[in-house]
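Contents: one structure, followed by commentary.
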Amino acid sequence: MKAGVIGILEGALEEAKKAGLISTVEIPAIVLDKPKKEEFGDFSTNIAMLLAPLEKKKPRDIANAVAEKVAAYPDVEKCEVAGPGFINIFLKRTFWLKALLDIAGKGERFGQSEIGAGKKVQVEFVSANPTGPLHIGHGRGAAVGDALSRILRKAGFNVTREYYINDAGRQVFTLGESVRIRVEELKGKAIEFPPDHYKGEYVRDIAREYIEKYDDGGAGAPGYQEFGTSAMLEMIKKDLEDFRVGFDVWFSEKSLDDSGKVAETIQDLKDKGHIYEAEGAVWFRTTDFGDDKDRVLVKADGERTYFASDIAYHRDKMERGFDALVNIWGADHHGYEGRIRALLRALGHDDSALKIIFIQLVALLRKGVPVPMGKREGEFVTLRQVMDEVGTDACRFFFLMRRPDAQLDFDLELAKSQAPENPVYYVQYCHARIKSIIGFASEKGINVPERFDEKLLSRLEEKEESEIIKHLGAFEELVERSALAMEPHRITFYLMELAGLFHPYYNKTRVVTDDPELTAARLLLCRAVATVVANGLALLGVSAPDKM
RNA sequence: GCGCCUGUAGCUCAGUGGAUAGAGCAUCGGCCUCCGAAGCCGAGGGUCGGAGGUUCAAAUCCUCUCAGGCGCGCCA
């Protein structure tokens, strides 16, 4: 919708230029606003005020000249100049009705665009260590990463979702040890459990499973570490599956090491002169590329650091030819950003290809009272627990109700309440309600018309109806902007607004009436709302139920 | 001490440099003989943490400052 108006404006500016009213060659980018007040029109632009200093003329004079040209376009009802020099454009109702025709024609494809132009984007998210179950914070990252991937795809990007498995190094070793100790314990040995090991109940479960399968100690028995890691990974995969989060690639840290890529990367940096040795360790001079301090790649004891794997991983990512990389990290990792950017630049890449989204903490509440968390106490709340309690739909929706970098209060009781204050149901109810209306009409032998035109739709004369239609028409641009800004929460807010327009309309206006033409037009409008709600919820990975 | 994030209504939060800053919840008062009341209508509520600066125009950009969170390992 908006693109069309920008076209009109560009045309008008060109005409003004030809008529000698404007002399500036480089016209600033056109910004179209949706004014807050309807007296300011459907769209408003500040272009005259931006041109004023360049033209050395009064903004209002320029605005008047442009407005006159704009007003001549057939889709334009009128065009006014207001305030310091805003150009306010009022469009004809028929212009908006095109959105309804569009939605009816495209159905679930409505909202799709080509703005991504098939660019390859990798979204790496969750990437939790396979040493314990996913907790609530991972869940938020999973919801954001998954929704973002869906939105990017809708906007025409070629998306790869990837999970980086930290299956090498200290932590998985400790997991293996934890399993071993529990196995021996279960067999009756009294062993003091080391405090820095994983003491969650799930480790006992894994130990029990191990004893059941391999206690005979057959030749094929895997090591504790290997067994524990794969058991944890299976559990994580199952959690994610039930959370409706899928991945295209599961990338193993261990495989990087095995294939020699870590050593290769260090050598590469050495060849480029970014490596030095000091105090028995091998350092990467990241300070040459904006980092706070240099970083160790190989410790004095000969062991590689986690960062050594990470540089190999990000080098590998770049070599796979992505146009953009998105990393979704917990906010506690933001200290890592500098060194990863340093790496990309050291390798000669443009680090602006990398976008890191930091996920802030989730504060779990129950009726407003904080639920205690803390990994050390072994009483951290898992994604599984929350999912089971409030359901996947509510859980995902709540995670996507806030900007990722803002802390989130998640109230369990609110999320599962079937009361009106629960926003998940507010949106889903809108969809179910419309399906019910369409069902009611069809029982009376009235169906959503197969064939229709602008004349039929022009029966939608209520103010609420045009507001809804305008909002529907903004959906495509919303998806684009949400994709480009990489902000899934915009979709959530849009849907709450759309439902907030529809419910009052429904309460006030009868859809199924004695007037067949009016009924047909309103059924079409309703179905369009349902389509957009369903499409929007699909981007969030939340279901759009026909009945609730 | 240094770095990053966040300060907007009682609470939780929206708000690509634009016009009189919005929504939900909470509070109070109303609406089901009629397409789904998981809904609707109405009311009250603000020094956009603070101070300077840039601009025709600042919640938005810059500087300083205050408050909260997080990070500053040869841990991952």
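Letters go in sequence order (proteins before strands), and every chain restarts at 1.
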With a 3.5 Å cut-off and just heavy-atom distances, do the side chain of [X] and the base of [N] make a donor-acceptor pair?
{"X": "A:D332", "N": "B:G71", "answer": "no"}
{"X": "A:N88", "N": "B:A19", "answer": "yes"}
{"X": "A:S44", "N": "B:A19", "answer": "yes"}
{"X": "A:Y429", "N": "B:A37", "answer": "no"}

Practice prompt. Check the angle between the aromatic planes of A:Y336 and A:F307 and answer parallel, tilted or perpendicular using the 30° and 60° thresholds.
Written response: perpendicular
Discussion item. For A:A394, is there any backbone N or O sitting under 3.5 Å from a side-chain donor or acceptor partner on A:Y425?
Written reply: no
Worksheet, complete the sentence: When A:E279 and A:H334 are each assigned the nearest nucleotide of RNA chain B, the 5'-most assignment goes to A:H334
Worksheet item: Of A:D301 and A:D405, whose nearest nucleotide on RNA chain B comes first from the 5' end?
Response: A:D405
Worksheet item: Taking only side-chain nitrogens and oxygens of A:R403, does any of them come within less than 4.0 Å of OP1 or OP2 of B:C5?
Response: no
Item to complete: Provide the Watson-Crick or G-U wobble partner of B:G1, both distances under 3.5 Å; none if there is no partner.
Response: B:C72
Fill in: Steps toward ring pair (Phe, Tyr, Trp, His ring centres under 6.0 Å) verdict (A:F251, A:Y313)
CA-CA 9 Å; A:F251 196 101; A:Y313 180 44; 4.9 Å; yes
The side chain of [X] lies closest to which of these nucleotides: [options]?
{"X": "A:K299", "options": "B:A76, B:G15, B:A38", "answer": "B:A76"}
{"X": "A:H503", "options": "B:C74, B:A14, B:C40", "answer": "B:C40"}
{"X": "A:R433", "options": "B:U12, B:G18, B:A37", "answer": "B:A37"}

Discussion item. From CZ of A:F397 over to C1' of B:C25, roughly how many Å is that when rounded to an integer?
Written reply: 14 Å
Discussion item. If I take atom OH in residue A:Y426 and atom C1' in nucleotide B:A38, what distance separates them, rounded to the nearest angstrom?
Written reply: 11 Å
Worksheet item: With a 4.0 Å cut-off on heavy atoms, is A:D411 in touch with a base, just the backbone sugar-phosphate, or nothing at all?
Response: nothing
Item to complete: Would you mind classifying the nucleic acid contact of A:K293 as base, sugar-phosphate or nothing, using non-hydrogen atoms under 4.0 angstrom?
Response: sugar-phosphate
Fill in: Any donor-acceptor N or O pair under 3.5 Å, side chains A:N166, A:E253
yes
Would [X] pass as stacked on [N], i.e. its ring centre under 5.5 Å from the base's six-membered ring centre and planes under 30° apart?
{"X": "A:F40", "N": "B:A19", "answer": "yes"}
{"X": "A:H333", "N": "B:A76", "answer": "yes"}
{"X": "A:F86", "N": "B:G18", "answer": "no"}

Discussion item. Just confirming the chi classification of B:C32, syn or anti, using 90° around 0 as the syn window.
Written reply: syn
Worksheet entry | Spacing of the P atoms in B:G52 and B:G44 (rounded, Å) | 32 Å
